[in-house]
Amino acid sequence: MATQLEPDVHADEEAFRTEVQQFLATHFTDELKGSANALAGVDGPTDETPAQTKWREAVGERGWGTPTWPKEYGGGGLTKAQAKIVDQEFAKAGAYNPIGGMGVMMFGPTLLEYGNEKQKQEHIPPICRGEIRWCQGYSEPNAGSDLANLQTFAEDKGDHYIVNGQKTWTSGGQWADKCFAIVRTDKSDKHRGISFMLLDMEAPGVEVRPITMISGTSPFCETFFTDVKVPKENLVGEEGQGWTIGKRLLQHERTNISGGGRLASMMGQSLGDIAKKYGDTDAQGELADKVLRDRIADFEIRWNSFLLTARRAVEESKAQGGVSEISSVLKKLGTKLSQERSELLIEIRGLQGLGWEGDEFTKGELDAVRGWLFGKATTIYGGSTEIQNNIIAKRVLGMLDHQ
Amino acid sequence: MAVLNEEQEMLRDMARDWATNESPVAEFRKVRAAGEPQAYNTGAYATMAEMGWAGVIIPEAQGGSDFGFMSAGLVVEELGKTLTASPLVATTIAASAIILGGSDEQKAKWLSKLASGETVATLAVDEGAHHDPSAIEASVSGGKLSGKKAFVHEAHGADLFVVAAKDGLYLVEKGDGVSLTTRKLTDQRSHADVSFDGAAAEKLEGGGDTLLDDVLDRARVLAAAEMLGMAQQVFDTTLDYLKQRVQFNQVLATFQSLQHRMADLFADLAQMRSAVEAGLQAVDGGFGVARAATVAKAEANRVLHVISNQGIQLHGGIGMTDEYDIGFYVKRARVLEASWGSTSYLKDRFAKLGSY
Ligand SMILES: Cc1cc2nc3c(=O)[nH]c(=O)nc-3n(C[C@H](O)[C@H](O)[C@H](O)COP(=O)(O)OP(=O)(O)OC[C@H]3O[C@@H](n4cnc5c(N)ncnc54)[C@H](O)[C@@H]3O)c2cc1C
């Protein structure tokens, strides 16, 4: 039977490939080449050119920015094989996926799993069309690694809640339309007193204050809630189920921070090639600085192993149905390697790689410096490396809390 | 900590008091906010000079105290702790070049002015983004120097440049034939590419064939001393933070994984201190300087690199904010790491010094 079916499946896939190619030929115009997804980062406002807006709308309408999400909520409804084709064809055409942000990376998948029908109908389609920016209201001044210690309180008022409290390090809070937050609905139980709810950043009583980071930008905020009214329908799951839902979302976040896919494309260029541009080569065309050459090779070997690990882990956890504890391993490894890479890049470029501003540095050089500093956060947010180590030791290896 | 004599202890304590009280990191913030290219407070530098710090390695006859490099290092270390912005290190390095290679006349002309803080000087060697004294192109003919020097520390405030040309070191005064292009680096201090176009240059005739190397070794140990102060400060601040920050109903300092991390850093810091102090002492003793200076700067690079990153990591989100001081250290650290020899350069140099 399988042999009977295969040629047809194949033919289907080829037809689909042609469809994607045609779509790209029509919608991904030349002027879009080289630009990137304004929604992907959380470090700036979503300034789009008219061409970029059109591109986002075209992709959003097909749901191809979230290719495997169900069609009834605005996703692509594609099979994994088809999603891969979309990926491949986009890459070939040099086209970026214009749909992104925290909605795609972490909130959407979580809502698909835990939201009710009405919530999915309301919130998923705008994410698939890239129309809504979400931010994450988790951390508080005294609830960082110990997230469950959060104190922001939602008081039950019958048909709505009144929320009071403070969140901090809210990435992109000043540009977000909505916020998925975990808040306390019961003060008597640390974990079971937490609920997951959706807040409107425009609602009266929400105030954001941007905080400047060491990289010089202000992409994250202190967010204050004063008597903010939240309708009951914005509660996701049951009251008290917020810790479970919130943790699931973190698994998505971890997989995305380190997933290999995004970082792999970011890290595409070989450090060896960059080093050749910034340093001397010998008669064989090899880097004259042999010590540096050794360190680059050492890094790239480990980086390759990481990519292989990420690919294997993602495939395995997909086969088991969704994200898993392995996200902790990936996050720990991927973030460390990306930091090491930035550090090496700086050393490769020497003082030319440490520019803060000025025309004497290329945009790429300046971006790399800011990125190097911003990248220090990847081992802190989404559950720090230390917390990942704790998770691996306790939940994966079954080692006990030390008494 | 090296065993200090009474003079050294006094000098260190004075530097520590002044840095803590008069020149905390808040002063560096002011300098940064002012955005002046010279990037230091001239009044503060005048005070340092008055306290004798600009003349620590300068002979008494020229208005210095002749205490030597170990003593200079103690002061620089304290200033490194609070990121005090000044041309003290640059001027001391330049002074060492004149002491080692200057004629009596050159010494008489410059050293007392350097010691009093009236003149600010700096060393200009590298012509690219990487430290590479073997690749110098600048040259002098008929007493006129031509060439370009890259990323010169404290160039904006400098009245005098000690410039490495193909055939030796030269003194060039600010003025005709000397022009600066600002290079704003992440540490927000003074750096510039300096272009010399037929600038009047006077050779440092003394010091023998190894003059440039000898001066560079002094630059390395002083940079390492600044880095030691920075590493110590990041370590202390981080340890204090871990002792007060509560998560999971416990202060972070009670977590064994963090205790072990801090123990590792502490051990690293101990090694860095020994290496740096030995480098400074080697210069004073005049024995095995090249090797000791290489070890000092290489260890400073390695340890400060780790500690500056860990400082941010262990502070969590707050460490990522500009409002908190810890990030300043990582930025200055990388600039110093790249100056006078990156880790790769120093490893190679160490191997070469050992003939392998
Ligand atoms: C750039 C950036 C963006 C962020 N964006 C968001 C956002 O959009 N929304 C949001 O809600 N939050 C966000 N965060 C917050 C982030 O999730 C927290 O910073 C993180 O959870 C760490 O908490 P903390 O900063 O309070 O550090 P702390 O919890 O105080 O930790 C300090 C240090 O101690 C370590 N530590 C803590 N507990 C343990 C333990 N039990 N064992 C061993 N080590 C431990 C930590 O790993 C860390 O190194 C962001 C943070 C950054 C830096």
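Both backbone and side-chain heavy atoms feed into the values below; hydrogens, waters and symmetry mates do not.
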Open item on the list: Within the structure provided, determine whether B/Ile318 and A/Trp169 are in side-chain contact (heavy-atom separation under 4.5 Å).
Closed with: yes
Task: A/Glu386 versus B/Leu314, closest heavy-atom pair with distance - done: OE2-CD2, 4.3 Å
- [ ] Mark yes when over 12 heavy atoms from residues, nucleotides or ligands other than B/Arg291 sit less than 6.0 Å from its CZ; otherwise mark no.
- [x] no
Task: Heavy-atom proximity to chain B below 4.5 Å, by part of A/Thr168 - done: neither
Task: Test item: B/Asn309 and A/Gln339 side chains (from C-beta on) under 4.5 Å apart, heavy atoms - done: no
Task: chain B contact via A/Ala148 - which portion, at a heavy-atom distance below 4.5 Å - done: neither
TODO: State whether the side chain of A/Glu360 and the backbone N or O of B/Arg183 hold a donor-acceptor pair below 3.5 Å, judged by distance alone.
DONE: no
TODO: Find out whether A/Leu351 and B/Asp126 are in side-chain contact, i.e. whether some heavy atom of one side chain is under 4.5 Å from a heavy atom of the other.
DONE: no
Open item on the list: Are the side chains of A/Gln352 and B/Phe151 in contact, using a 4.5 Å heavy-atom criterion?
Closed with: yes
- [ ] Check whether B/His305 gets within reach of chain A through its side chain, its backbone, both or neither, counting any heavy atom under 4.5 Å.
- [x] side chain
- [ ] Inspect the surroundings of CG in A/Asp282 and state if more than 12 heavy atoms from other residues, nucleotides or ligands are less than 6.0 Å away.
- [x] yes
Open item on the list: Is any side-chain heavy atom of B/Phe248 closer than 4.5 Å to one of A/Asn390?
Closed with: no
- [ ] Over all heavy atoms of both residues, which pair between A/Trp372 and B/Lys331 is shortest? Give the atoms and the distance, please.
- [x] CH2-CA, 4.3 Å
Task: Heavy-atom pairs under 4.5 Å with chain B, option from A/Thr379, A/Ile211, A/Leu292, A/Asn149 with the top count - done: A/Thr379
TODO: Please state whether the side chain, the backbone, both or neither of B/Ile326 comes within less than 4.5 Å of a heavy atom of chain A.
DONE: neither
TODO: With the side chain counted from C-beta on, respond yes when B/Thr343 and A/Arg295 share a heavy-atom pair under 4.5 Å apart, and no when they do not.
DONE: yes
TODO: Write down the atom of A/Asp289, the atom of B/Ser344, and the distance for their closest heavy-atom approach.
DONE: OD2-CB, 3.7 Å
Task: Sidechain-backbone polar pair: B/Gln247 side chain, A/Gly144 backbone, donor-acceptor under 3.5 Å - done: yes
Open item on the list: With chain A as the partner, which of B/Glu337, B/Lys347, B/Arg245, B/Glu323 has the greatest number of non-hydrogen pairs under 4.5 Å?
Closed with: B/Arg245
Task: Check: A/Met213 and B/Thr321 side chains under 4.5 Å, non-hydrogen atoms - done: no
Open item on the list: Between B/His130 and A/Ile348 (side chain of the first, backbone of the second, donor and acceptor by atom type, cut-off under 3.5 Å), is there such a pair?
Closed with: yes
Task: Check against side-chain contact (heavy atoms from CB on, under 4.5 Å), A/Lys376 and B/Gln313 - done: CA-CA 7 Å; A/Lys376 300 286 169 213; B/Gln313 177 69 21; over 6 Å; no
Open item on the list: Can you tell me which portion of A/Arg370 sits under 4.5 Å from chain B's heavy atoms? Options are side chain, backbone, both or neither.
Closed with: neither
Open item on the list: Is the shortest side-chain heavy-atom distance between A/Leu373 and B/Thr186 below 4.5 Å?
Closed with: yes
TODO: Using a cut-off of under 4.5 Å on heavy-atom pairs, state which of A/Lys290, A/Arg349, A/Glu343 scores highest against chain B.
DONE: A/Glu343
